[in-house]
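Here's the structure we're looking at; comments come further down.
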Amino acid sequence: MAMGKYSRVDGKKSSGYGLTITIVLVVSLCLVGAWMFMSSWSAPTESVDFSASEASKDVETSTTTTKSDEEVERGSKSFSDEKTEETEVVTESSEEKPDPEKTEQVEEKKEFEDKNGDGDRKDGESEKETEPETDEAKQKEKTQLEESSEENKSEDGNVTEENAGESEENSEKKTEENAGETEETTEKSKDVFPAGDQAEITKESSTGSGAWSTQLVESQNEKKAQVSSIKWKLCNVTAGPDYIPCLDNWQAIRKLHSTKHYEHRERHCPEESPRCLVALPEGYKRSIKWPKSREKIWYNNIPHTKLAEVKGHQNWVKMSGEYLTFPGGGTQFKNGALHYIDFLQESYPDIAWGNRTRVILDVGCGVASFGGYLFDRDVLALSFAPKDEHEAQVQFALERGIPAMSNVMGTKRLPFPGSVFDLIHCARCRVPWHIEGGKLLLELNRALRPGGFFVWSATPVYRKTEEDVGIWKAMSELTKAMCWKLMTIKKDELNEVGAAIYQKPMTNKCYNKRSQNEPPLCKDSDDQNAAWNVPLEACMHKVTEDSSKRGAVWPENWPERVETVPQWLESQEGVYGKPAQEDFTADHERWKSIVSKSYLNGMGIDWSYVRNVMDMRAVYGGFAAALKDLKLWVMNVVPIDSPDTLPIIYERGLFGIYHDWCESFSTYPRTYDLLHADHLFSALKKRCSLVSVMAEVDRILRPQGTFIVRDDAETIGEIEKMVKSMKWNVRMTHSKDGEGLLSVQKSWWRPTEVETITSAIA
């Protein structure tokens, strides 16, 4: 073919001349090939540029299999341009930021892949290695899909690693490197991608699998690169030190078509989780220890005075020099929460604080003084309120050491299972229970345990204005139709308020006798435990009457219930493979041993400073149960892709919440004194970026707070490098038989540079 192109047709001389040309070309190509082969071993990071068109064509033809993933994506570019771009990505030799348009496109692509189940595989991992893990993750998510039909994060899980080409791996790789914004120096790039390793990758692409373990090396190098290339920056957002990414996403909030049902107070997470660190308020100090924190906190830690101005006369909060003080009052209990708590007990003794009633939900909690003083009665109250015009009310509660979270009664179910709270409390909580078929009150009915109480302390109970009388009439009709029994109405003479106490039925007898099916009963297919991003429905679930199932029998009194194995677990298989009751007992004994022998004495933790604790991956609640005798509380989080064991945690007299750790948690920065993660990150890194998750860990953990991680040794190594990049103090690191333990203390360090998170700027 080559001879045909260059031969002459006029005489004998053409044959010899063509042969000469052929020999010259062959020798030239051999020399060029030899030079390229030597260059790939000796200087892999140098860009290659051929100007002669014939040479570039021939070389491109002979080295087709050595093209990088970027060349596949940019097939229209010349080999020279492609090789130069590849070299720039590897060496990162310039201090300039990556092309924003390019980065944005890659990030959008990665985001789309993640949402469609194709973002599980980490860069450089082989299909053979990751495919079983992905199937396992899908199987775990399947449990949540069965419970939550609207679970958005688990949609379109049919895309497998087989459909993910090498170009997708490089797109994800570039996104991680760009987001980290490394110290882009040639020397550092040589450490991240040594010449030998780069040559090995090149060799692999041209020779196939061969004898080279190239995928293993590539995976290891990429993980090292992602960790070592992190350059933390401060979030530059309107909310400043109070930034909650999923509640302060004004770009999404502005696009809402309606705010009638408080949609603007619900979660609207950024399309890509932030990778920046939240600044500290000026003059921030270490939080005051419990129980003094219940009465006062540092003003500089939460420098907001509006609530003191508008609610000071009701003894919510007051200014006092460098402190914000909390007299223990509230709208319905200006003379103190303890008196109000005793008033409710006296009004209906069967409430039995701390015995029969252990876990309660406080709706529209204000600064949560009600829940704060219930600790004196051995009651756990989970309080919630929206992030609204009552400035920093939930933040005040958390700084005081009282369990609270930012949430709203809006268009979606609360993130709790069905039939778990012993009592639900509303004291002037500003929720219109009676409207729209009682949809919001029916949501409380879902969360309330059969036989549980609803305490409503609001003006319609005791005032006789036209509006109050109308609301009381509507509520009376609604609660009667719901089969709630009005147990008592009492008036507190000291506070000049009243309370109505209702009880949810423990059988379906009343439901079956109703003349009208209003509110309607939920369909049998409606799972009351499905709570993650599930829209509200104006219906009631039937109660369980079968004693072998959860909800039919009231739990043991506290504190016996924390160690009692629920009878309804008898026929189930446990999370760890044994029968569920054996699993429960083994898990309980394991955490008792770990906490007593290691956590309480062997890690250098000053437990007198530990008040707010989170177990980021609770299973049966064994970790929280092992800490029950300490003056602290534990938020047990059951990830949405884990087995749904949260009802068991509530059965033990503990509380918790569902959450997806690929998103931000609905709490303020600097909430927790201790975070605990048992084998969370090894599963999580298959679904989302560990850099984003660690930025969230930094956001919700207080300075000088403790972070304990138990996981496989490789994951522990990755986490350790990230916390060191944040200048945290490593107290302990240990590994044995492939398992690892890491205990670190968060530092006061904050980066000086500022990164703009456009999705959160108002």
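Just so you know, these numbers come straight off a predicted model, no measurement behind them.
Using a distance-only test at 3.5 Å, with no hydrogens or angles considered, a donor-acceptor pair links the side chain of Q503 to the main chain of G451. For T357 (side chain) and W353 (main-chain N/O), no donor-acceptor pair under 3.5 Å exists by modelled atom type. Judged purely by atom type and a 3.5 angstrom limit, Q528 has no side-chain atom pairing as donor or acceptor with the backbone of P417. The main-chain N or O of V595 is never found under 3.5 Å from a side-chain atom of S598 such that the two would form a donor-acceptor pair. Side-chain atoms of N508 never come within 3.5 Å of backbone atoms of K542 as a donor-acceptor pair (strictly under, hydrogens ignored). Looking only at distances, a side-chain donor or acceptor of D711 sits under 3.5 Å from a matching main-chain atom of S682. A distance-only check finds no donor-acceptor pair linking the side chain of R710 to the backbone of H679 [under 3.5 Å]. When atom types are taken as modelled, the side chain of N636 and the backbone of L646 share no donor-acceptor pair closer than 3.5 angstrom. Put simply, the side chain of R514 gets close to the backbone of P519: a donor and an acceptor are under 3.5 Å apart. Between the side chain of Q745 and the backbone N or O of Q704 there is at least one donor-acceptor pair closer than 3.5 Å.
A disulfide (SG to SG under 2.5 Å) check over residues 574-650, counting only residues at least two apart or in different chains, returns nothing. Sequence neighbours left out, the pairs with a member in residues 667-678 that pass side-chain hydrogen bond (donor to acceptor under 3.5 Å, both in side chains) are Y599-H676, D615-H676, T667-T671, D673-R702. Residue pairs meeting the side-chain hydrogen bond (donor to acceptor under 3.5 Å, both in side chains) criterion with at least one partner in residues 395-411, sequence neighbours excluded, are D242-Q395, E266-T411, S287-E399, N301-E399, S369-R400. A side-chain hydrogen bond (donor to acceptor under 3.5 Å, both in side chains) check over residues 370-380, counting only residues at least two apart or in different chains, returns the pairs R294-D376, E295-Y373, D342-R377. Applying the disulfide (SG to SG under 2.5 Å) test to pairs two or more places apart or on separate chains, none has a residue in residues 568-643.
Taking the six-membered ring for Trp and the full ring otherwise, Y650 and F421 have centroids separated by under 6.0 Å. Taking the ring centroids of W456 and Y502, they lie at or beyond the 6.0 Å cut-off. If you look at H659 and F665, their ring centroids are closer than 6.0 Å. Taking the six-membered ring for Trp and the full ring otherwise, the centers of F375 and W290 sit less than 6.0 Å from each other.
T564 and E556 form no side-chain donor-acceptor contact under 3.5 Å, judged by distance and modelled atom types alone.
Ionic pairing of E560 and R652 is not present here: no N-O contact between side-chain nitrogen and carboxylate oxygen is shorter than 4.0 angstrom. D583 has no carboxylate O lying under 4.0 Å from a charged side-chain N of K578, or vice versa, which leaves the two without a salt bridge. A salt bridge is absent between D712 and K736; no separation between the charged side-chain nitrogens and carboxylate oxygens falls under 4.0 Å. By the 4.0 Å N-to-carboxylate-O rule, E346 lies too far from K490 to be salt-bridged with it.
Between atom CG of residue D350 and atom CD of residue Q345 there is a gap of 9.0 Å, rounded to the nearest 0.5 Å. With values rounded to the nearest 0.5 angstrom, N445 atom CG is found 4.0 Å from M482 atom CE. Distance check, rounded to the nearest 0.5 Å: OG of S293 to CG of N612 gives 8.0 Å.
Cation-pi geometry between K504 and F453 is not satisfied (NZ or CZ under 6.0 Å from the ring centre, within 45° of the ring normal). Stacking of R428 on the aromatic ring of Y340 is not recorded, the 6.0 Å distance cut-off and the 45° axial limit not both being met.
The residue from R356, R561, R358 that alone fulfils the salt bridge (Lys or Arg N to Asp or Glu O under 4.0 Å) condition with D422 is R561. Screening M506, K549, R550 against T544 for a side chain to side chain contact (heavy atoms under 4.5 Å, CB included) leaves a single residue, K549.
Summarising the local packing, CD of E589 is surrounded by more than 12 heavy atoms from other residues, nucleotides or ligands at distances under 6.0 Å.
Ring geometry for W633 versus F655: interplanar angle of 30 to 60°, hence tilted.
In this structure, the disulfide (SG to SG under 2.5 Å) partners of C426, at least two apart in sequence or on a different chain, are C429.
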For this session: Decide ring-ring contact (aromatic ring centres under 6.0 Å, His included) for F333 and H339; before the verdict, give the C-alpha distance in whole Å, the side-chain angles of both, and the deciding distance to 0.1 Å.
Result: CA-CA 8 Å; F333 40 91; H339 168 80; 9.9 Å; no
